[in-house]
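Take a look at the structure set out below.
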Amino acid sequence: MADIIQLLPDSVANQIAAGEVVQRPASAVKELMENALDAGAKSIKLIVKDAGKTLIQVIDNGCGMSETDARMSFERHATSKIRKADDLFAIRTMGFRGEALASIAAIAQVELKTKRIGDEVGVKIEIEGSELKSQEACNAPEGTSISIKNLFYNVPARRNFLKTDSVELRHIIDEFQRVAIPNPEVAFSLHHNNSEIFNLTAGNLKQRLMGIFGNSYNSRLVPVEEDTDIVKIKGFVIKPEFAKKTRGEQFFFLNKRFIKNAYLHHAVQAAFDQLLPNDSFASYFLMLDVNPKTIDINIHPTKTEVKFEDEKAIYAFLRSTVKKSLGQFNIAPSLDFDQEAHLYNMPLKPIDGIIKQPTIKVDPTYNPFKVEKPDFSKNTTDRELSNKSNWEKMYSRHNDNQQHFELKQDEVQQQSIDADWDNELHESNKKITYQLHNRYILSHIKTGFMVIDQQGAHERILYERILASFEKHKSATQQELFPKAIELNAADFALVKELRDDILAIGFDISEFGKNTFVIHGVPADTAQHDSVQLLEGLLENYKQNMMELKSDKRENLARSMAFNTAIKSGKVLTQEEMNNLIDELFACKMPYSTPTGKPTITTFSLEDLDKRFKK
Ligand code: ADP
Ligand code: MG
């Protein structure tokens with residue numbers, strides 16, 4: 001029999017490699033921007049069309065390439081960045097594998113124009129599916145411009161796998177930020193479908209963060225700096241009172257490379273300790289610089305995890321450094337942070353020797369049930385009916401949506417269905433509710449008792465109410481006495497514009513007010529106790545996170561985010577009446593048994609269970 005093993009043709013090998021290197025437009029963006037940085041560019045321009053599906057172009061003013069290098073750059077394992085194995089342990093460049101361009105060229109139509117500084121003419125190369133289409137001398141500015149057109153044009157399965165434009169664009173913006181933040185001395189811009197999303201001038205880290213996240217960050221950032229033999233730490237954390245309830249902004253850069261590291265995240269979170277409000281996350285932008293020898297360089301290009309020696313020591317340094325910075329910030333709230341150098345030189349201990357914790361604004365008088373809520377959804381009779389039937393469902397367990405409950409078969413049979421929240425027989429019991437640890441509500445049911453998670457239950461109630469308000473196109477708005485301006489970054493501004501109709505339907509009253517700014521004239525009627533700017537920011541934050549993590553349509557996502565932001569929290573003391581109202585409203589919901597994100601809201605315990613425990 002003939003031998004059957006053959007070497008794969010380069011174009012096939014490249015396409016296989018591309019599967020790992022280029023997962024979506026954002027991966028190509030990352031590779032091209034990193035190449036531009038490695039080329040020493042001081043200005044990098046990113047242009048995308050249709051979230052990168054049609055075009056990704058990166059224009060830099062870096063060192064450019066010779067004609068031969070330009071051709072070579074598309075070969076696999078072709079790199080100018082390492083020559084021998086030893087070099088691997090001193091990597092300071094972003095790339096070194098020599099795979100990116102070869103991979104990208106295998107799955108797209110690529111046009112490269114480049115000219116070295118001082119050369120008279122440049123070169124233009126066109127490649128399509130790894131095949132050279134043309135190569136000619138051309139007139140070009142110094143530096144490199146590379147266009148990737150119709151990514152995955154020859155791999156339809158992958159092209160179909162791409163998400164909606166808003167999701168893919170979000171990924172691109174994420175990658176763009178991950179490259180732009182640790183390189184503030186380089187100017188960056190991002191254009192999408194002819195509109196400018198970012199235009200970041202060269203400057204320092206603080207200016208870069210303000211350029212990306214908005215000028216309001218000027219007063220939110222606390223500088224962090226420490227220099228040790230093992231690690232240099234430099235960057236900013238966000239003041240505790242601006243902490244976000246969703247994950248917030250967490251950026252670690254190791255030798256200018258974005259990394260994720262749960263262990264180090266814990267160090268920062270621990271440094272904030274008691275300063276953060278419950279269930280909030282620290283936000284930070286921290287550059288760690290270590291000797292490349294002490295990290296495992298064999299990181300996959302698309303992975304952001306990294307292993308390094310001395311992890312424990314770095315944890316300890318990080319934690320104490322952030323703690324120290326927070327302490328300094330606290331004793332000097334009026335300090336001008338523009339004079340960063342000043343702060344770095346400050347003594348570690350406050351003059352009076354006392355380090356005070358920043359206080360967190362909590363409104364103890366906030367009562368979510370006090371405000372008269374407009375009835376968004378149903379008339380009373382409907383609600384009553386629904387309430388009653390939900391109770392019955394709870395007993396009969398016939399509701400398909402109750403996947404979250406694993407009730408034992410015998411339990412189901414034993415629960416007779418006549419119990420009812422509004423049943424007079426149980427009127428006396430109904431009034432008896434008990435709040436456990438300010439988190440759970442305990443109440444009688446006929447066959448035992450139930451426990452309701454107060455926060456989850458309220459999220460469910462609000463979620464359904466908001467969804468209903470979309471149908472009606474309008475809900476009650478409470479006008480602000482003093483309208484507030486909210487300045488957003490360009491990406492968020494575009495998002496609010498896209499969502500404006502639905503945001504109005506929820507009950508916000510907002511209008512555009514110049515560049516990247518909206519004015520909030522009014523907020524949904526039952527949210528008046530929240531700060532309007534923080535409320536809208538929180539809503540956006542959640543929305544973006546849901547957009548990336550969950551498959552839900554716009555309105556569902558908005559309703560979920562809004563419910564999350566305005567629901568009463570665990571820890572809130574409730575009166576008898578409030579608990580009863582909450583239970584009433586919960587059982588008036590279409591789907592009372594789970595939160596909008598699918599966690600259970602109610603669990604039940606039967607007397608049988610209790611009896612068994614007492615060996616009766
Ligand atoms: P790597 O970055 O791992 O070396 P790439 O495939 O990304 O591999 O690039 C191959 C080579 O092409 C690089 O090593 C570099 O010499 C050259 N190159 C790529 N992009 C640029 C650019 N924007 N400016 C100058 N040279 C570039
Ligand atoms: Mg590269």
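Every number for a ligand or one of its atoms is a count from 1 in the order of the listing. Everything quoted here is computed from the prediction, not taken from an experiment. Atoms considered below: every heavy atom in the structure, side chains included; atoms not considered: hydrogens, waters and symmetry mates.
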Inset, instruction - Please work out whether the ring planes of His266 and Tyr315 are parallel, tilted or perpendicular, with thresholds of 30° and 60°. - result: parallel

Inset, instruction - Would you please classify the geometry between the Phe213 ring and the Phe285 ring as parallel, tilted or perpendicular, with 30° and 60° separating the classes? - result: tilted

For [X] and [Y], does a side-chain donor sit closer than 3.5 Å to a side-chain acceptor?
X      : Y      : answer
Asn150 : Gln109 : yes
Asn546 : Ser561 : yes
Ser145 : Gln57  : yes
Asn194 : Lys49  : no

Legend entry - Distance-minimising heavy-atom pair for Ser27 and Val21: CB-O, 3.4 Å

Return all side-chain donor-acceptor pairs below 3.5 angstrom for residues 126-133, not counting sequence neighbours, or 'none' if the list is empty.
residue, atom, partner, partner atom, Å
Glu126, OE1, Ser134, OG, 2.8

Using a cut-off of under 3.5 Å, which N/O atoms of ligand 1 pair up with protein N/O atoms, and what distance separates each pair?
residue, atom, partner, partner atom, Å
ligand 1, 2 (O), Asn35, OD1, 2.9
ligand 1, 2 (O), Lys81, NZ, 2.6
ligand 1, 3 (O), Phe96, N, 2.9
ligand 1, 3 (O), Arg97, N, 2.9
ligand 1, 3 (O), Gly98, N, 2.7
ligand 1, 4 (O), Thr79, OG1, 2.5
ligand 1, 6 (O), Ala100, N, 3.3
ligand 1, 6 (O), Leu101, N, 2.9
ligand 1, 7 (O), Asn35, OD1, 2.9
ligand 1, 7 (O), Asn35, ND2, 2.8
ligand 1, 8 (O), Gly98, N, 3.4
ligand 1, 14 (O), Thr79, OG1, 3.3
ligand 1, 14 (O), Ser80, N, 2.9
ligand 1, 14 (O), Ser80, OG, 3.1
ligand 1, 16 (O), Ser80, OG, 2.5
ligand 1, 20 (N), Asn35, ND2, 3.4
ligand 1, 23 (N), Asp60, OD2, 2.9
ligand 1, 24 (N), Thr144, OG1, 3.3

Inset, instruction - Please report how many protein N/O/S atoms lie under 2.8 Å from the Mg ion (ligand 2). - result: 1

Would you give me the side-chain donor-acceptor pairs under 3.5 Å for residues 2-11, sequence neighbours excluded?
none

